[in-house]
Amino acid sequence: MDKGVENLLSARKLLKASVEKSKALGLSLVKTGIRLDEISQILPSLEVSVWPIMAQRKALGIVGGHINRAVVPATAVLKVFDAIHGLEKSLSDPQSDLPGYLGVLKRLVEATRVLGDNRGIAIQWLADIVEYLEDQEVADDEFISGLKKALECLRELEVGEEKGHLDGGLLEVALDRLENEYRRLLTENSVPLPMSSPTSPGEQACIAPSPLPVAIIQKLQAILGRLIANNRFDSCLSIYVEVRSSNVRASLQALNLDYLEISVSEFNNVASIEGYIAQWGNHLEFAVKHLLEAEYKLCKDVFFERMGLDVWKSCFADIAAQAGILAFLQFGKTVAESKKDPIKLLKLLEIFAALSKLRLDFNRLFGGAACAEIQNRTRDLIKRLVQGACEIFWELSVQVELQRHTPPPPDGSIPRVVTFITDYCNKMLGDDYKPILAQVLVIERSWKHEKFQEGILINELLNLVKSIELNVETWSRSYEDAVLSYIFLMNTHWHLYKHLKGTKIGNLLGDSWLREHKQYKDYYSSLYLRESWDKLPAFLSREGLILFSGGHATASDLVKKRLKSFNEAFDNMHMKQSKWVILDKDLREKTRQVIIQTIVPVYRSYMQNYGPLVEQDPSGSKYAKYTARSLEKLFNSLFQPKPVKQGSLRVRQSSGKFNNGIADQHQTSPTVK
């Protein structure tokens, strides 16, 4: 009985387990039914998709391997492309984090390179599988045609304009932003340099250090390295030259350099622009020693390490040319090409001296092949200066000699050529001009394969003065009025003595030569007095007259006659000599006093004794025309230089000859700065 119960319990358990399994199986069948319904819905679309593939199972198995080999590199290319666009957000602004920007840009370049290296392989593998599918006829014609069209599009992108834009143009945009940052750093840190004056004579203004901070230069170099690696060096160079040359021009524009544009036709002679020539030398020195010197150093700092000698010197040459150095050389050429003028020699020497002072700087800054145009222009200018200066110097004695055939000043004053040559010779022997003139003459002789001796220069200047002496003698004989010729000789001999005494040319001529001209002045002064005013006292003769004792008709008539003769002689002489000029103030005053002492005391005494004989006559004022004081006043008005407008003095006329007119009455020699 117990055994039957156990069997019954076992059967019960088994039955219960079977029921539970049946329930689970039922649930599983329900779920399977749902899945089968879903598969049933998908099958039509799958049938459409696989319909072009009509090959047998074995052929499809072989095709799978080919497809895998083509898809793997294509998938790799797509991953790289995705990685490239993942960098886009990090390439927005190089200004905020330049090192980070450059780092991301480097990764972008590397990824783009990988993309470029693998795209060809991927396209070729895809082409192979399309060809295989077509050969094995595992797909219908429409499917194969679609693959071929897609493949053709890929090949066109590979060889067409889009070849360099596999990254969608991201690299070009990033490089453009980097160029803009390069320009910004240059522009915001480029400040025009003002021209400062030396604090004491002979002291040079301090040359400015590098115009850009070291940190900025390092940033420029970092940007430059990346842009060069991406074939953008020409653009970098163009930006650099544009910004830096513009900065130099801004520094120069503050100096008002409009005079550099003056053409030969815009001025009549060198004297009209001589003020500009002094400025030119200072401005050129500032441009070379300060502005271009700084640019030279900066070009080397920025470009030399990465690009070498030729590139940075070429960059500097472009900056120098665009900044306006050639305009300075053109101005010098314009002066050299202007009409020949004795005073032009001084200006040519000043220009030559300015260039000579900067010779070492020119050789260092503009010595490379890149600065060939500047070198050629400089050599041409120096050649013109040397030839022009020597031509004027050697022809000057001929010009002075030609003046002998021109009339002397009609007022007896000093001819311009005399005042000019004396001042000119002293300047030529001065420390400012003699070394430069000697250097120019040495160069000229070397071109002719001749040796220069300093004695040639001194002898030529001495001959100029001696030629002037001959001119003076010739001119003195051309006056119709001998008395006027004495005034002329007084003027010129005194000028030669006074203005050469104690000078270098005077020391070379010697004391005896100077004393001789002083003696000539004294001699002609006495002749002048004897042949003119010394004759007037004779008209006031006392012969036949008695002392006034109430008046006698005979004495009165005689006094009237003699006063009338005196007045006529005085009026004629005064009217004529009032047009004459004695330029030197001391000589003028001395001559007046001699005349006054010769005439006025005699006239005063005469009028005191005999004046009452005519003053009581109703017509007495006709004869007692002057008082001693009025005569003295008239004498003190003689020989006065006539006022002239400032700048009216011209050393020569437009014909190239000296204008032998009246010298400037406010100075005894032409203004030669």
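Note that the structure is a prediction, hence the values are computed from the model and not measured.
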Exactly one of Thr503, Leu462, Leu496 should register a side chain to side chain contact (heavy atoms under 4.5 Å, CB included) with Leu509. Which one does? Leu462
Looking at residues at least two apart in the chain, or sitting in another chain, which of them share a salt bridge (Lys or Arg N to Asp or Glu O under 4.0 Å) with Lys451? none
Pairs where residues 592-609 contributes a residue and the test salt bridge (Lys or Arg N to Asp or Glu O under 4.0 Å) is met, not counting sequence neighbours: Glu589-Arg592
Qualifying salt bridge (Lys or Arg N to Asp or Glu O under 4.0 Å) pairs with a residue from residues 485-495, counting only residues at least two apart or across chains: none
For Glu395, what residues pass the salt bridge (Lys or Arg N to Asp or Glu O under 4.0 Å) criterion, not counting sequence neighbours? Lys340
Pairing residues for Arg377 by the salt bridge (Lys or Arg N to Asp or Glu O under 4.0 Å) criterion, not counting sequence neighbours: Glu373
Aromatic contact between Phe566 and Tyr603, with the criterion being ring centroids under 6.0 Å apart: yes or no? yes
Could you go through Asp557 and Lys561, starting from their C-alpha distance and side-chain angles, then the distance that decides it, and tell me whether this counts as salt bridge (Lys or Arg N to Asp or Glu O under 4.0 Å)? CA-CA 6 Å; Asp557 291 342; Lys561 181 179 179 181; over 6 Å; no
Is there a donor-acceptor pair under 3.5 Å between the side chain of Ser446 and the backbone N or O of Ile443? yes
Residues passing the side chain to side chain donor-acceptor pair (under 3.5 Å) test with Tyr528, sequence neighbours excluded, are Trp533, Gln577
For Ala538, does its backbone N or O pair with a side-chain atom of Ser541 as donor and acceptor, under 3.5 Å? no
In a check of side chain to side chain contact (heavy atoms under 4.5 Å, CB included) between Ser476 and each of Thr492, Leu489, Asn471, which one passes? Leu489
Can you pull out every salt bridge (Lys or Arg N to Asp or Glu O under 4.0 Å) where at least one residue sits in residues 462-488? Sequence neighbours excluded, please. Asp481-Lys576
Would you please name every residue forming a side-chain contact (heavy atoms from CB on, under 4.5 Å) with Leu634, sequence neighbours left out? Phe570, His574, Tyr626
Not counting sequence neighbours, which residues clear side-chain contact (heavy atoms from CB on, under 4.5 Å) with Thr378? List them please. Leu329, Phe362, Ile374, Ile382
Under the side-chain contact (heavy atoms from CB on, under 4.5 Å) test, residues paired with Asp511 that sit two or more places apart: Leu514, Arg515
Quick one: side-chain contact (heavy atoms from CB on, under 4.5 Å) partners of Asp361, sequence neighbours excluded? Val288, Lys289, Leu358, Arg364
In chain order, what residues pass the salt bridge (Lys or Arg N to Asp or Glu O under 4.0 Å) check against Glu450, with sequence neighbours excluded? Arg445
